[in-house]
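Counting starts at 1 for both ligands and their atoms, in listed order. FYI, the numbering just counts along the sequence from 1. Atom set for the values below is all heavy atoms of this structure, side chains included, hydrogens, waters and symmetry mates excluded.
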Amino acid sequence: MAQKRMKKILVTGAVGQIGSELTMELRKRYGNDNVLATGRKTKPSKMLLNSGPFEFIDIIIKETVEKVVDEYDIDTIYNMAAILSAVGEEKPLLCWNVNINGMYNILEIAHEREMTRVFVPSSIAVFGPETPQDNTPQETVLKPKTMYGVTKVCGELLGDYYFKRFNLDIRGVRYPGIISSETLPGGGTTDYAVEIFYEAIKNKKYTCFVKEDTVLPMMYMPDCIKGTIDLMDTDISKLKHHCDFNLTAMSFSVGKLVDEIKKHIPEFTCNYKPDFRQAIADSWPRSIDDSAAREEWGWKPEYNLPTMTKDMLDKLSNKLSLGR
Ligand code: AKB
């Protein structure tokens, strides 16, 4: 009887906020040597480097990806490399190149080698001001006003095209803002929801770049990792959607988050100095309907605002006192 092929996984963007924790969880589940972490130029953490293979690649340059895919006999890719919304407005061409041309290379490589499965994340950035902002439906208007959003809509369509046209098993979710204690996010609009915790612990004050009443959908990292891997492990016959699942865990205003942090750090204060990211936040939904994900692959987040806040403060206090 033919032996079942061992999963050999490539994670792009493995030095980033989601990629770093995703890599560690995949290594735990599938074996350290079976998960290749890759990054473009940022130095990987000791944790990433010491727990399994790491290579530098640039997804815009197809050969650099092909080289490691063939060398490590990769059959599954999590393409976490991306330029996020705020940097995307400062460097729109780079955003297009990484998020679209880079993704195109990943899809071509996966298709040419008949890979088992590919994950390509999307984002709430696919929505825009014409989209209903509360309980945003799965199927709705997709007219984003940022370059990042444009690339994410295009990425969803490209993924669905490869699925229908070439039978490539590609999956993805529309991530909300992700809150995490291990690796800082870089260049997004929802970054304030992470920075605020560091500043609350270190300086007891924070200046937020969006207004107090700004409400966005959010999720804590353990739920993000679980949801990502659960979707990838779901039997394909259960899925009606592929690259565009709405996904959320909670929605709160900055003011509500401040109140929650104050329950643990009463002297914490926050003031507000909105910048260009306010307009981006205002164009995104306040809350998301993720019933398709719940019905098709059993999505159910564990953390809400109070439990996430407590866990973040515990983990970060520990990490910062250890000087990590
Ligand atoms: C960003 O703020 O750009 C990202 C996202 C919501 O996709 N965190």
Side-chain angles (χ1 to χ4, degrees), residues 12-13 15-22 78-92 94-96 98-100 102-103 119-129 131 133 136 142-156 159 172-198 208-211 214-221 223-225 227-228 243-254 257 274-288 290 293 301 308 312:
T12 72
V15 183
Q17 186 198 13
I18 303 177
S20 55
E21 295 200 42
L22 179 65
Y78 288 76
N79 183 38
M80 309 309 287
I83 298 294
L84 301 185
S85 56
V87 171
E89 289 312 282
E90 283 156 2
K91 300 178 183 168
L94 177 68
C95 184
W96 178 268
V98 174
N99 298 5
I100 293 299
M103 175 184 173
F119 181 85
V120 178
S122 186
S123 159
I124 54 166
V126 294
F127 303 118
T131 310
Q133 283 195 304
T136 302
L142 302 181
K143 289 189 173 183
K145 298 293 178 264
T146 60
M147 177 53 100
Y148 176 60
V150 169
T151 65
K152 287 295 163 189
V153 174
C154 193
E156 288 183 358
V173 297
R174 292 170 176 157
Y175 284 134
I178 304 297
I179 299 163
S180 65
S181 57
E182 194 56 51
T183 308
L184 276 165
T189 301
T190 58
D191 293 9
Y192 66 84
V194 181
E195 289 171 9
I196 197 169
F197 284 98
Y198 281 80
C208 187
F209 57 76
V210 296
K211 289 186 287 186
T214 307
V215 178
L216 286 172
M218 299 278 175
M219 181 183 296
Y220 194 33
M221 187 61 93
D223 281 328
C224 169
I225 301 298
T228 303
C243 298
D244 59 358
F245 281 101
N246 277 5
L247 207 67
T248 190
M250 56 188 111
S251 276
F252 51 77
S253 65
V254 189
L257 176 58
D275 65 17
F276 73 100
R277 290 168 281 192
Q278 183 69 56
I280 301 178
D282 289 344
S283 75
W284 289 352
R286 283 184 287 263
S287 61
I288 299 278
D290 60 8
M308 175 276 290
M312 265 300 275

Checklist entry - Going by atom types only, do Ser85 and Thr189 share a side-chain donor-acceptor pair under 3.5 Å? => result yes
Next on the checklist: Donor-acceptor pair, distance only, cut-off 3.5 Å: does the side chain of Asn99 make one with the backbone of Gly155?
Outcome noted: no
Checklist outcome for this item: atom 2 (O) of ligand 1 has as its nearest protein heavy atom Thr189 N, 2.7 Å
Next on the checklist: Can you confirm, on distance only, whether ligand 1 has an N/O atom lying under 3.5 Å from any N/O atom belonging to Ser85?
Outcome noted: yes
Item to check | Atom of Asp191, atom of Pro185 and distance for their closest heavy-atom approach | outcome: OD1-CB, 3.5 Å
Next on the checklist: Suppose I only count heavy atoms of Leu84 and a 4.0 Å limit; which atoms of ligand 1 are within that range?
Outcome noted: 3 (O)
Item to check | Derivation and outcome, side-chain hydrogen bond (donor to acceptor under 3.5 Å, both in side chains), residues Ser251 and Ser287 | outcome: CA-CA 6 Å; Ser251 276; Ser287 61; 5.0 Å; no
Next on the checklist: Students should be able to answer this: which protein heavy-atom is nearest to atom 8 (N) of ligand 1, and at what distance?
Outcome noted: Thr190 OG1, 2.9 Å
Next on the checklist: Counting non-hydrogen protein atoms only, what is the nearest one to atom 5 (C) of ligand 1? Give residue, atom name and distance.
Outcome noted: Ser123 OG, 3.5 Å
Checklist entry - Are Glu89 and Arg277 close enough for a salt bridge, meaning some N to O gap below 4.0 Å? => result no
